[in-house]
Amino acid sequence: MLALLLALALGIALGLLTNISIPAALLTYLGVAVLAAIDACLGGVKAALEQTFDDKAFVSGFITNTLMAAFIVFVGDRIGVRELYLAAVVAFGVRVFDNLGTVRSLLFHRWGWE
Amino acid sequence: MGVVGELNPRRKLVHLRDESWRRIVESEKAVERSFQEGRLFVSLAAGMLLVGFLLVGQWRGYASLSSDLSRQSDQSLGIIIEEITAENSELRNEVLRLELRMLEAEREGIDRSEVLNEAAKELSGLRVMAGLSAASGPGVTIVIEDQEKVLLAQDFVALVHDLRAGGAEAISVDGKRVIGISGFAGEGGDLEMDGAALAHSHHVVALGSPSDLEQAVELPGGFVSTLSTFPGVTIEVSQEESLMVPAADTIQFIYGEPTTQ
């Protein structure tokens, strides 16, 4: 668990060091994609804690979800339904909180806090 | 006994074989599990790393976006314009207020310096009138020779009076300034002015319009025409462009003192 947080911190440090800045045109797409990536990671952690983790499912889920999220926003932009990104945001937001709750209870169970 | 003795080692061997199979399978499972755990960790860590990296990129991108006016929404642009307009009008007011204050200060300064200049001019005029400072300018010199010592004190009083009537601003007699409290005394040739004896040859200097002054003393029936008929008296009046009248000695009031009324 700690190692995963370290990996997150490493990613942030890497981003800070490489001075990365997303172009304005891609911001909306990538914003939803990042949300999808967070959801996928939390789902992976949850599966690992439930001992049902499958790396193929995780990697494919990660890639598909992020790409699909960005694609939905893109399609929304093209067909004049710019608010379509809201659907992705709501869907992934709900899933993120759902996964977060499950991970929290699983961790508590593992650490014997409940 | 023999069969049992044979069976026992066989069972042992079977047991050992099963046991070693079981261990092999277990260790294979453990290897598989650790392999899986390794893959779990690597994929999750890679995902987290990517998330962190993208988060920073997104954060930075959005930060630079929110400072870019062309990307602002109409509503926030409206708010920004409103804020700037309010600030602008406030600054304009401040500028106007400061300009007004500057103008006031300038006017005050001009007023003050004008008053000061006037006062200084007046003071220097008063000093000249009072004889406190030496004065220079155009005027006339009157040289009076009195060989027979016939001139009287009142003749000089009359001369000073005539000169003042002619607009004399400063008068000196024999190098002594005639001021408001000056007086002539004596008779029979022993004349004195302000307590100092005058010689027989007098040198009077008066500042003012040279022609007016000359006219004032040379009027028919005036000073020159009257006194030049006296024996031994010659009077010579000449106009000069640049004359000098000395300052009077310091005046000391013994009885009088200035009051504000």
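Reminder, nothing fancy here: chain letters follow the sequence lines and each chain counts from 1.
With rounding to the nearest 0.5 Å, the separation of CE in A:M68 from CZ in A:F74 is 12.5 Å.
Using a 4.5 Å heavy-atom threshold, the side chains of B:V178 and B:R164 count as touching.
Of the atoms belonging to A:T18, it is side-chain heavy atoms, and not backbone ones, that fall under 4.5 Å from chain B. When heavy atoms are compared at a cutoff of 4.5 Å, A:A48 approaches chain B by way of both its backbone and its side chain. Using a 4.5 Å cut-off between heavy atoms, A:N19 contacts chain B through both its backbone and its side chain.
Atom CZ of B:F53 has more than 12 neighbouring heavy atoms from other residues, nucleotides or ligands inside a 6.0 Å radius.
Comment: B:K29 does not engage B:E26 in a salt bridge, judged by the lack of any side-chain N to carboxylate O separation of less than 4.0 angstrom.
Annotation: maximal heavy-atom pairing with chain B below 4.5 Å, among A:V45, A:L10, A:L16, A:L14, occurs at A:L16.
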